[in-house]
Amino acid sequence: MSVDLLLKYGTVIVEGKEYQRAVAIKTGKIEGIYKFGQEPEAETVISCKNKFVLPGAIDIHVHLRGMNQSDKEDYISGTRAAAAGGVTTVVDMPNSNPPVLDWESLETKIQNARAVRYVNVGFYAGIPREVSDFDVDMAKNILGLKVYPHSPLTEGITYDDKRIKECLTLASDLGLPLLVHPDTSKPEAKSDSIEGFFNIHSCQSEIDSVAKFIEALQGLDNEARLHICHVSCAASARLITKNRAEERLTAEVTPHHLLLTGADFSNEDGTAKMLPPLRSPYDNEALRTLLSKCGIDIVATDHAPHTSGEKLSPFLQANSGIPGLETMVPLMVTEVFEGRLTWVEYLRVCSSGPARILGLVGKGVLSKGYDADIAVVAKEEWSIMGSEFQSKAKITPFEGRKVLAKPEITIVGGEIVYNQGKFVVGAGNVGTVPVRSLIQLRNT
Ligand code: NCD
Ligand code: ZN
Ligand code: ZN
Ligand code: ZN
């Protein structure tokens, strides 16, 4: 028997331990993992000596922009950023321009992404003013519904208990999770000082919003699933942990909320401006502990690209959001190399956990029969430099930070996409668009 591709001499994590193994790939799937001397013949053999062969990261919180915001990012630059960062699947948020509130805008995104993709791309949709107007035809092409209580995709909506329950029920009917950006601040709330910005988007606001959504979830007797985006405060993370209900309530944290604090930045410009804002070392610590203990399920980047001009304006005028696709794997694998995270935890929070939450059967695990979505990572010290990003967004609060892990080769569906700084396939040739879930579709 001969396979298509053999990744030889690399380090593979088997039951939490490092072993030298060969990974064989055939027709886009992992054909098997072999001990030295037992590997099959292969058309192409790549030596991964001194490198780690890991499942590609799955990032379920990404703003790929495109369309009217292509100056910030488009599907080429965004999926190239993913491939260069060892991220093999991204899921795109609906707060684009135009927003995803109907089939037409979703279809435009799907077609655009399909034409230029470098990784697998899935999508979320928003919910229109009248929940009953939601076009259920979209359901099989999306992976979840997303709501922004502090900044609704259609004006004049309040996320009171009634609206939250309607949204949860719609999602439940479609077999999809409801994702929320937790923040109770009023859409019209404006800050005239930097302090004001932090007061508006306070931990209390995050906690109150998380509490409202959990209460609504617990008040329903359907199978609604709630996913809390970018938890940033110790108290809201604890509230989630306390109410954990495995498949019904899940949560994510970003690398920046795990590793950075507000005190590290002067706030002269918007380099470190994002929502939710950076918090305290106390919050960092609590989030890291709860991530290890499964109180928080996964890591997601909230890759939110803006132009350099938009980021380097004075803090109050600057846009919120930072790029994350090219820093997540380096930062999180560095946590492993420095002993603050185990390999088992890394694999759960960056690959298998995200796949589980969205029902991506066949993804997120480096094992026989799974999709061959792989990140080959070298143990190497280097410094993060925004100017070298594939993303159009070059301003990062991680600028200059030393990391110990470098994604070198990225494989999507068995095809080598990226190899040591170079893209070895053309745009639009690899990956699945849209990524679909196999556990949804109750009502369609
Ligand atoms: C995001 C964006 O720019 O789209 N910004 C951010 O600060 N995180 C929106 C969001 O995820 O809330
Ligand atoms: Zn329709
Ligand atoms: Zn958000
Ligand atoms: Zn976001």
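First listed ligand is number 1; within each ligand, the first listed atom is number 1. Predicted model only: the values in this text are computed from it and were never measured.
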Please say whether Lys146 places an N or O atom under 3.5 Å from an N or O atom belonging to ligand 1.
no
Ring-face cation of Lys273 near Phe315 (centre distance under 6.0 Å, axis angle within 45°)
yes
Do any nitrogen or oxygen atoms of Tyr148 come within less than 3.5 Å of a nitrogen or oxygen of ligand 1?
no
Is atom CZ of Phe198 surrounded by more than 12 heavy atoms (other residues, nucleotides or ligands) closer than 6.0 Å?
yes
With backbone taken as N, CA, C and O and side chain as the heavy atoms from C-beta onward, which portion of Met93 lies under 4.0 Å from ligand 1: side chain, backbone, both, or neither?
neither
Counting from 1 in the order shown, the ligand 1 atoms closer than 4.0 Å to a non-hydrogen atom of Met274 are 7 (O)
Rounded to 10 degrees, what angle sits at the Zn ion (ligand 4) between His61 NE2 and Asp302 OD1?
90°
Taken in chain and number order and not counting sequence neighbours, the residues that satisfy side chain to side chain donor-acceptor pair (under 3.5 Å) with Lys51 are Glu408
Report yes or no: is the cationic atom of Arg117 (NZ for Lys, CZ for Arg) closer than 6.0 Å to the six-membered ring centre of Tyr75, at no more than 45° off its axis?
no
Would you say Ser320 has any N or O atom under 3.5 Å from an N or O of ligand 1, going by distance alone?
yes
At under 4.0 Å between heavy atoms, what of Asn95 touches ligand 1? The answer is side chain
Has Glu195 got more than 12 heavy atoms of other residues, nucleotides or ligands less than 6.0 Å from its CD?
no
Nearest non-hydrogen atom to atom 2 (C) of ligand 1 belongs to which of Arg65, Glu310, His61?
Arg65
Within 6.0 Å of CD in Gln420, more than 12 heavy atoms from elsewhere:
yes
Using a 4.0 Å heavy-atom cut-off, say whether Asp302 meets ligand 1 through its side chain, its backbone, both or neither.
side chain
If the Zn ion (ligand 3) is the vertex, what is the angle to ND1 of His181 and NE2 of His230, rounded to 10 degrees?
100°
Indicate the ring-plane relationship of Tyr148 and His181, choosing parallel, tilted or perpendicular according to the 30° and 60° boundaries.
tilted
Starting from atom 12 (O) of ligand 1, locate the nearest protein heavy atom and write down its residue, its atom name and how far away it is, to 0.1 Å.
His181 ND1, 2.7 Å
What is the nearest protein non-hydrogen atom to atom 7 (O) of ligand 1, stated with its residue, atom name and distance?
Leu275 N, 2.8 Å
Identify, by atom number and element, the atoms of ligand 1 in contact range of Ala304, meaning under 4.0 Å from any of its heavy atoms.
1 (C), 2 (C), 3 (O), 5 (N)
So, Glu73 side chain and Lys392 main chain: donor-acceptor pair closer than 3.5 Å or not?
yes
Neighbour count above 12 (heavy atom, 6.0 Å) for Glu215 CD:
no
At a 4.0 Å threshold, what atoms of ligand 1 neighbour a non-hydrogen atom of His306?
3 (O)
